[in-house]
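Presented below is the structure to which this report refers.
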Amino acid sequence: MMHMLNLEATLFCGQTFAWKKNGPLYQAVIQDRFIQFNEADFSELVVNDAFLFHYFDMDWEYTKAESTLCMRDEHLKTCIERYRSLHILNQDPWEVLVGFLLSQNNNIKRIRQLYERLSVQYGRSSEAGFFSLPRPEALESVDETALRSLGLGFRAPYLLDAIQQHRILWALPALPYEQALSALMQIKGVGPKVAACILLFGYHRMEAFPMDTWMQKVMQDRYPGKDSSYFAPYAGLAQQYLFHAERNQGGHV
DNA sequence: GGCCAGGCCCCAG
DNA sequence: CTGGGGCATGGC
């Protein structure tokens, strides 16, 4: 019996900006592959497709992690029970880097828009009007004016620097967490929060604990004096539950 | 029509 | 190293 997955929470908790819900259909282009399915077909889809099995992280220890975190405190337990089986996707690091460069001082609706505009403008046409996010190689000759005209604003030079320095991503799997963080922060526009997102969503580093405005409020209100080590060794998963719950209902039951 | 958005850069102390 | 202003753009 395979561990089930909470599709709504997993795809729309803000870890990815690629997915759309079109009636009963979940749709996205992931690394040049157009993916589309009904919720009812999900289980069969992932067991027969190694790429998607990995992407949806079907073989990680969610049962153990959830039960461990549920014992930490009541609030976290409530969040987990509300959104149970939220998975941390195994995303392509470049796609995560771009998404979260666009995310700063921005709202989720507009992050998705910018992500899609980049795909339509520079990515490859796939199916059903969907486009893949362009690889860094496809963006080498893009200039700041072009990116600003898409609406990136002050983030345009950040993306330009990321395009130039994208090879930093290759070295990260071998690095200890703190070194991986500082390597990422050499990219302009990548600070502690964005770097943590890249390590969590692009490299499945469970130590990562992205601290944005929502999480600062959660930590201040619910966990004064504590830090991410309180949730070890599953800080990243705890962060997603706390963040998602806080954004959806202000954290209240 | 202001306020604000999954932050970060940059510069002052 | 800590703190706060400024930042492009548009959703609400």
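Computed over heavy atoms, backbone and side chain alike; hydrogens, waters and symmetry mates excluded. In what follows, chains carry the letters A, B, and so on, assigned in the order in which the sequence lines appear, proteins first and then strands, with residues in each chain numbered from 1.
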Item to complete: Starting from P on B:dA5, measure out to CZ on A:R110 and report it in whole angstrom.
Response: 14 Å

Worksheet item: Considering residues, nucleotides and ligands other than A:Q220, do more than 12 of their heavy atoms fall under 6.0 Å from its CD?
Response: no

Item to complete: Would you mind reading off the distance between A:F243 atom CZ and B:dG7 atom C1', rounded to a whole angstrom?
Response: 13 Å

Worksheet item: So which pairs with a foot in residues 165-191 of chain A pass salt bridge (Lys or Arg N to Asp or Glu O under 4.0 Å), sequence neighbours left out?
Response: none

Fill in: A:S132 and A:S126, any side-chain heavy atoms less than 4.5 Å apart
no

Worksheet, complete the sentence: A:D57 and A:H204 have their tightest heavy-atom pair at OD2-NE2, 2.5 Å

Worksheet item: Which is true for A:G14 with a 4.0 Å heavy-atom rule: it touches a base, it touches only sugar-phosphate, or it touches nothing?
Response: base

Fill in: Distance, P atom - from B:dG6 to C:dT2, rounded to whole angstrom
26 Å

Enumerate all atom pairs, one protein N or O and one N or O from nucleotides 2-4 of chain C, separated by less than 3.5 Å.
none

Fill in: Separation of the P atoms in B:dC8 and C:dG10, to the nearest angstrom
22 Å

Item to complete: Please work out which residues in residues 89-107 of chain A have a non-hydrogen atom less than 4.0 Å from an atom of DNA chain B and list them by number.
Response: A:F100, A:S103, A:Q104, A:N105, A:N106, A:N107

Item to complete: Just jot down the side chain to side chain donor-acceptor pair (under 3.5 Å) partners of A:N107, sequence neighbours excluded, or say none.
Response: none

Response to the item:
So, with a heavy-atom separation below 4.0 Å from DNA chain B, the residues of residues 141-163 of chain A are A:F154, A:Y158

Worksheet entry | Value in whole Å for how far the C1' atom of B:dG6 lies from CE of A:M219 | 16 Å

Worksheet item: Should the pair A:D143-A:R148 be classified as a salt bridge under the 4.0 Å nitrogen-to-oxygen rule?
Response: no

Discussion item. Give me each pair satisfying salt bridge (Lys or Arg N to Asp or Glu O under 4.0 Å) with a member in residues 6-16 of chain A, each pair once, sequence neighbours excluded.
Written reply: A:E8-A:K21

Worksheet item: Any side-chain heavy atom of A:L11 sitting closer than 4.5 Å to one from A:L89?
Response: yes

Worksheet entry | Heavy-atom closest pair, residues A:I111 and A:L102 | CG1-O, 3.9 Å

Worksheet item: Residues from residues 200-213 of chain A sitting under 4.0 Å of DNA chain B, heavy atoms only?
Response: A:F201, A:P210, A:D212, A:T213

Discussion item. So if I apply the side-chain hydrogen bond (donor to acceptor under 3.5 Å, both in side chains) rule between A:Y234 and each of A:E61, A:E66, A:Q239, which one comes out positive?
Written reply: A:E61

Practice prompt. With sequence neighbours left out, write down each residue that passes side chain to side chain contact (heavy atoms under 4.5 Å, CB included) with A:D221, or none if nothing qualifies.
Written response: A:K217

Discussion item. I'd like to know if A:D73 pairs up with A:K226 as an ion pair, taking the criterion as any Lys NZ or Arg NE/NH1/NH2 lying under 4.0 Å from an Asp or Glu carboxylate oxygen.
Written reply: no

Item to complete: Remember a base hit wins even if backbone is also touched, and classify A:I111 as base, sugar-phosphate or nothing at under 4.0 Å, heavy atoms.
Response: nothing

Worksheet item: When the aromatic ring centroids of A:F209 and A:F231 are compared, is their separation below 6.0 Å?
Response: yes

Practice prompt. Please collect all salt bridge (Lys or Arg N to Asp or Glu O under 4.0 Å) contacts where either partner lies in residues 112-132 of chain A, sequence neighbours excluded, each pair once.
Written response: A:K20-A:E116, A:D32-A:R124

Response to the item:
Shortest non-hydrogen pair, A:M58 vs A:L5, comes out as SD-CD1, 3.8 Å

Tabulate protein N/O versus nucleotide N/O from nucleotides 10-13 of chain B, keeping only pairs under 3.5 Å, one per line.
from: B:dC10; atom 1: OP1; to: A:K188; atom 2: NZ; distance (Å): 3.3

Discussion item. The test is side chain to side chain donor-acceptor pair (under 3.5 Å); show your working for A:Y26 and A:N38 and say whether it passes.
Written reply: CA-CA 6 Å; A:Y26 294 90; A:N38 278 301; over 6 Å; no

Discussion item. Taking only the P atom of each, what is the distance from B:dG1 to C:dA8 in whole angstrom?
Written reply: 24 Å

Worksheet item: NZ of A:K217 versus C1' of B:dG7: gap in Å, rounded?
Response: 19 Å

Item to complete: Determine, answering yes or no, if A:W214 is stacked on B:dG6 under the 5.5 Å centre rule and the 30° plane rule.
Response: no

Worksheet, complete the sentence: Intra- and inter-strand pairing of DNA chain B, written as dot-bracket with Watson-Crick and G-U pairs under 3.5 Å and | for the latter, reads .||||.|||||||

Worksheet entry | Closest non-hydrogen atom pair, A:R110 against A:G151 | NH2-O, 3.5 Å

Item to complete: Can you label the angle between the A:F51 ring and the A:Y55 ring as parallel, tilted or perpendicular, going by 30° and 60°?
Response: parallel

Worksheet item: B:dC9 P sits how many Å from A:Q186 CD, rounded?
Response: 12 Å

Worksheet item: Is there a side-chain contact between A:Y203 and A:L169, using heavy atoms and a 4.5 Å cut-off?
Response: yes

Worksheet item: Within this structure, what is the CD1-to-C1' distance between A:I198 and B:dG7, rounded to whole angstrom?
Response: 13 Å

Practice prompt. May I ask you to check whether A:F56 and A:H87 place their ring centers less than 6.0 Å from one another?
Written response: no

Discussion item. Nearest whole Å is fine: how far is B:dG6 P from A:E246 CD?
Written reply: 12 Å

Item to complete: Whole angstrom is fine here: how far is it from CZ in A:R112 over to P in C:dG11?
Response: 15 Å

Worksheet item: What pair of heavy atoms forms the shortest contact from A:P224 to A:R222, and how long is it?
Response: CD-C, 3.3 Å

Discussion item. Among residues 223-239 of chain A, which ones have heavy-atom contacts with DNA chain C below 4.0 Å?
Written reply: none

Discussion item. Heavy atoms only, 4.0 Å cut-off, all strands: where does A:K193 land among base, sugar-phosphate and nothing?
Written reply: base

Item to complete: Under 4.0 Å between any heavy atoms, over every strand shown, what does A:Q216 touch: base, sugar-phosphate, or nothing? Just pick one.
Response: nothing

Worksheet item: Ring centres of A:Y115 and A:F131 under 6.0 Å apart?
Response: no

